[in-house]
Every structure is written in structure tokens, then in C-alpha cells.
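Report on the structure given below.
Any value given below was found using the heavy atoms of this structure, including those in side chains, with hydrogens, waters and symmetry copies removed.
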Amino acid sequence: MIPLPSTLRIWLAAGVTDMRLGMPGLALKVQQALGRDPFAGDVYAFRGRRGDLVKLIWHDGIGLSLYAKRIERGHFLWPAAKDGAIHLSPSQLTCLLEGVDWRNPQKTWRPELAG
């Protein structure tokens with residue numbers, strides 16, 4: 001994953017999105033459905049119906065970037081809201097993309113004995 005500045009604003013588009021959409025279609029969805037400016041420098045994340053594919057778009061001031069990730073087993077955790085956008089921190093986005101529950105991250109189990 002490309003390192004994201006801590007000041008970056010990240011938005012999850014609630015509900016499901018047609019994953020056939022590319023950069024122009026997702027930017028139009030940000031503008032029309034979310035009522036936000038897709039070229040303002042925020043990251044917008046979208047999830048498909050099956051939940052195993054997520055796409056992110058981000059305009060860095062030079063051009064629009066598209067990041068797509070398909071999870072091999074399970075699905076990405078997503079809010080139950082039908083519309084709107086939910087704000088995430090960069091660390092929460094990292095958890096989401098790693099398949100970790102970003103709403104309530106838990107420390108991993110640490111062994112107490114070596115043998």
C-alpha cells in the first residue's frame with residue numbers, strides 16, 4: 001500500500017457499488033451520490049456486492065489514482081448504512097485493507113513461552 005499522510009481524509013461509501021465502474025464512474029458517484037468533490041484530495045473507498053473487492057480513488061493534485069484489492073478469503077468489513085459516507089483514519093483504512101476489523105481492532109495473541 002502507498003503510504004498515506006496522517007492528515008489525509010478517507011471516506012467509505014456506504015452501501016454497495018457496481019465494481020465495473022472505473023475512475024470516471026467512481027468520481028461521478030462521489031460527486032452525485034455523496035455530494036463531495038472527488039478532486040479535493042480525499043480518498044474514497046467503495047465495496048462491491050460480494051464484499052471481496054474494494055476500490056479506492058484519490059486525486060493527489062496531479063491526477064486521479066485507482067487502487068483495487070480483492071481479498072482471497074472472507075470479505076471486507078463495511079458499515080451497515082445504506083447511503084452516505086463514513087470517515088476513517090489512515091490506520092483504520094490499513095486495518096480494513098488487511099482484513100482486520102477496523103471498528104474494534106484487537107491486539108494479536110502473543111505467545112508466552114518459546115517451547
Distance, nearest 0.5 Å, that separates OG1 of T17 from CH2 of W78: 7.5 Å
Residues in salt bridge (charged side-chain N to carboxylate O under 4.0 Å, His left out) contact with R20, at least two apart in sequence or another chain: D18
Partner residues of D52 under the salt bridge (charged side-chain N to carboxylate O under 4.0 Å, His left out) criterion, sequence neighbours left out: R50, R70
Under 3.5 Å donor-acceptor, W58 side chain and G41 backbone: yes
Inter-residue atom distance Y44.OH - L26.CG, 0.5 Å rounding: 12.0 Å
Listed once per pair and sorted, the salt bridge (charged side-chain N to carboxylate O under 4.0 Å, His left out) pairs that draw on residues 25-48, sequence neighbours left out: R9-D42
Within one Ile-Leu-Val-Met-Phe-Trp-Tyr cluster: W11 and L34, side-chain cutoff 4.5 Å: yes
Heavy-atom pair with the smallest gap, counting every atom of A45 and L12: CB-CD2, 3.4 Å
Validation row: Y67, K55 side chains within 4.5 angstrom (heavy atoms): no
Atom of I86, atom of A14 and distance for their closest heavy-atom approach: CD1-CB, 3.9 Å
Residues that S65 engages under side chain to side chain donor-acceptor pair (under 3.5 Å), provided they are two or more places apart: none
Of L56, L96, L88, the residue whose pairing with I10 passes side-chain contact (heavy atoms from CB on, under 4.5 Å): L88
CZ-CG distance between F46 and L53, expressed to the nearest 0.5 angstrom: 12.5 Å
Trace of the side-chain contact (heavy atoms from CB on, under 4.5 Å) decision for K69 with E98: CA-CA 10 Å; K69 183 170 184 177; E98 292 297 324; 4.1 Å; yes
Pairwise ring-ring contact (aromatic ring centres under 6.0 Å, His included) hits with a residue in residues 13-41, at least two apart: F39-H59
